[in-house]
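Notes follow the structure.
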Amino acid sequence: MEVNQAKQEHLLALKVMRLTKPTLFTNLPVTCEDRDLPGDLFGQLMREDPSTIKGAETLTLGEMLTLPQNFGNIFLGETFSSYISVHNDGNQIVKDILVKADLQTSSQRLNLSASNSAVAELKPECCIDDVIHHEVKEIGTHILVCAVSYSTQHGEKLYFRKFFKFQVLKPLDSFSDNITDEVFLEAQIQNITTSPMFMEKVSLEPSMMYNVTELNAVKSGEEEESTFGKMSYLQPMDTRQYLYCLKPKPEYAEKAGVIKGVTVIGKLDIVWKTNLGERGRLQTSQLQRMAPGYGDIRLSLEVIPDTVNLEEPFEIICKITNCSERTMDLVLEMCNTRSIHWCGVSGRQLGKLSPAASLSLPLTVFSSVQGLQSISGLRLTDTFLKRTYEYDDIAQVCVICPYMSNEC
C-alpha cells in the first residue's frame, strides 16, 4: 500500500489498516519412500515439527495461525475491509471533525463512509474509529482516499487527505472450449493466489436456449460422488477441469437455422472460501460459442456402438438435416476406405428433403482393421444443383478381435 504523507503538521493523525484474518501456517513437506537412504528420517522430523497437523503431516497447511505481516493481496470477488482511526495528538480540543473515505477505481468513485455527519469535538488523546467494507468487483488499481477536516479552538479550519493505493488481482483463471450442437463445455479453473481454496460451488447457468447437465460426479450405488473427492480443495497454481453438457431445448433443437451463428450458452458462477472461511464469488460474463458451419446440409451420427468385432457387420443410424432454405433431392453414395467397408447399394435415392427437415438413415458397415477406426466415406449429392458433399471422420469406433485379448 502506497501512502502520500501530508506535509503540513496537523493536530490529528490518521491511521488506516486493512482488516484481514490470520492465515494458517504453511510448510513444505519433504518425504521419501521407506526403501530410500533416509528411511523414516523425514517422516520423524515432520512428526516432531510443532507446526504440522498430527496424523496429517504431509498436508501443506499446519495447525498454527500466522498474523498478517503486510497489506497482502486483494482478489476480485473478495470483501475489502479497512479500519480507519483519527487520533488527537495535540493538547487542545478539536471541533467539527469530519472523516470521509472514498474508493476510486478506474471507472467510478464510491463513498464508503458509514456516516457523513461531523463529530462535535475530540479531546486530546481520544480517537474516532470506523470500519468500512466493500465487495471488490473490478480488476486493477484502486485508491482509498481518506479526507479529514476539522476546526481548532481558535476557529481555524484545517483539512488534509491521504491516499492508499492497492491492486486488485484475479483469483482464478478460466478457459473454456465447446463443440457441436450438444455443447460439451470444459471450464479450466486455476487458483492463481498464494493460498489454498475450498471450491464451494462451480456451476453453469445456461441461457434460455439450453438445458445443462453437470458431468462432475460419478454414481456410487445410489449416491453421486464428486470426481474431485470429498475434500474440494484447490492448491495454489493448481488447475481443475469442470465439464458440462448443454443440450438445446426441444423448441430450438427442431429448428436447424436457430443453432447457426453465434449463440450465448450461459455463464459460470464460482464461489470459494479461503483458509478461515473468507468467502469470495465470481460470475463470468455470458459465454458465447461459434456454432460449426454445417453448410447446406448436415450429417451426424445418432446411434453407433462403442465397440465392435473385427470383420463383423454392425449398424449405425445417421441423421441428415437440410440446413438451407431450399428443397433438396438427395442421392447417397458409400465409398469404402482402407479399413471401413459399407454394406448395401451405393448411389440410392433418398428423395426430397424440405428446408429445416431431417431424416434418419440406418446403414450397415464393418471394419477390416483392428483398433480405433474413423467412420468415413459417405457422400451426398443434391441433384437439383448438382452439388456434392463429402463426409469423413464422422465418428470413431473401437474394433477388437473376439479371438484375441488385445484391447482398443
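Below, each value reflects all heavy atoms present in this structure, side chains not excepted, and no hydrogens, waters or symmetry copies. Only a predicted model underlies this, so the values are computations on that prediction, with no experimental measurement involved.
In this structure, the side chain to side chain contact (heavy atoms under 4.5 Å, CB included) partners of L169, at least two apart in sequence or on a different chain, are N73, F75, Q167. Among residues two or more places apart in sequence or in another chain, the side-chain hydrogen bond (donor to acceptor under 3.5 Å, both in side chains) test is passed with T194 by none. Not counting sequence neighbours, the partners of D102 by the salt bridge (charged side-chain N to carboxylate O under 4.0 Å, His left out) test are K100, R109. With sequence neighbours excluded, no residue forms a ring-ring contact (aromatic ring centres under 6.0 Å, His included) with Y83. For N88, there are no side-chain hydrogen bond (donor to acceptor under 3.5 Å, both in side chains) partners at least two apart in sequence or on another chain. For E138, the side chain to side chain contact (heavy atoms under 4.5 Å, CB included) partners at least two apart in sequence or on another chain are T105, S106, S107, Q108, H142. The side chain to side chain contact (heavy atoms under 4.5 Å, CB included) test applied to K201 returns S203, D269, V271, not counting sequence neighbours. Under the side chain to side chain contact (heavy atoms under 4.5 Å, CB included) criterion, K352 pairs with T327, D329, F384, sequence neighbours left out. Not counting sequence neighbours, S300 has no partner by the side-chain hydrogen bond (donor to acceptor under 3.5 Å, both in side chains) test. Qualifying side-chain hydrogen bond (donor to acceptor under 3.5 Å, both in side chains) partners for D89, counting only residues two or more places apart in sequence or in other chains: H87.
For CD of E325, the number of neighbouring non-hydrogen atoms (other residues, nucleotides, ligands) closer than 6.0 Å is 12 at most.
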- Task: Run the numbers on S81 and H133 for side-chain hydrogen bond (donor to acceptor under 3.5 Å, both in side chains), then give the verdict.
- Result: CA-CA 4 Å; S81 300; H133 304 279; 2.7 Å; yes
- Given the rule in the ring-ring contact (aromatic ring centres under 6.0 Å, His included) test, do F80 and F166 qualify, once you have shown the distances and angles that lead to the verdict? CA-CA 11 Å; F80 168 68; F166 59 91; 4.9 Å; yes
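Although no hydrogens or angles enter the test, the distance criterion places no donor-acceptor pair under 3.5 Å between the side chain of S376 and the main chain of D392.
E302 and S360 share a donor-acceptor pair across their side chains, judged by distance under 3.5 Å alone. For the 3.5 Å distance criterion, the side chains of E312 and N309 qualify, holding a donor opposite an acceptor.
Each of D382, T381, D296 was compared with R387 under the side-chain hydrogen bond (donor to acceptor under 3.5 Å, both in side chains) criterion, and only D296 meets it.
Among residues at least two apart or in separate chains, ring-ring contact (aromatic ring centres under 6.0 Å, His included) pairs with a member in residues 307-351 are H341-F366. Identified under the salt bridge (charged side-chain N to carboxylate O under 4.0 Å, His left out) test for residues 333-350, with sequence neighbours left out: E333-R379.
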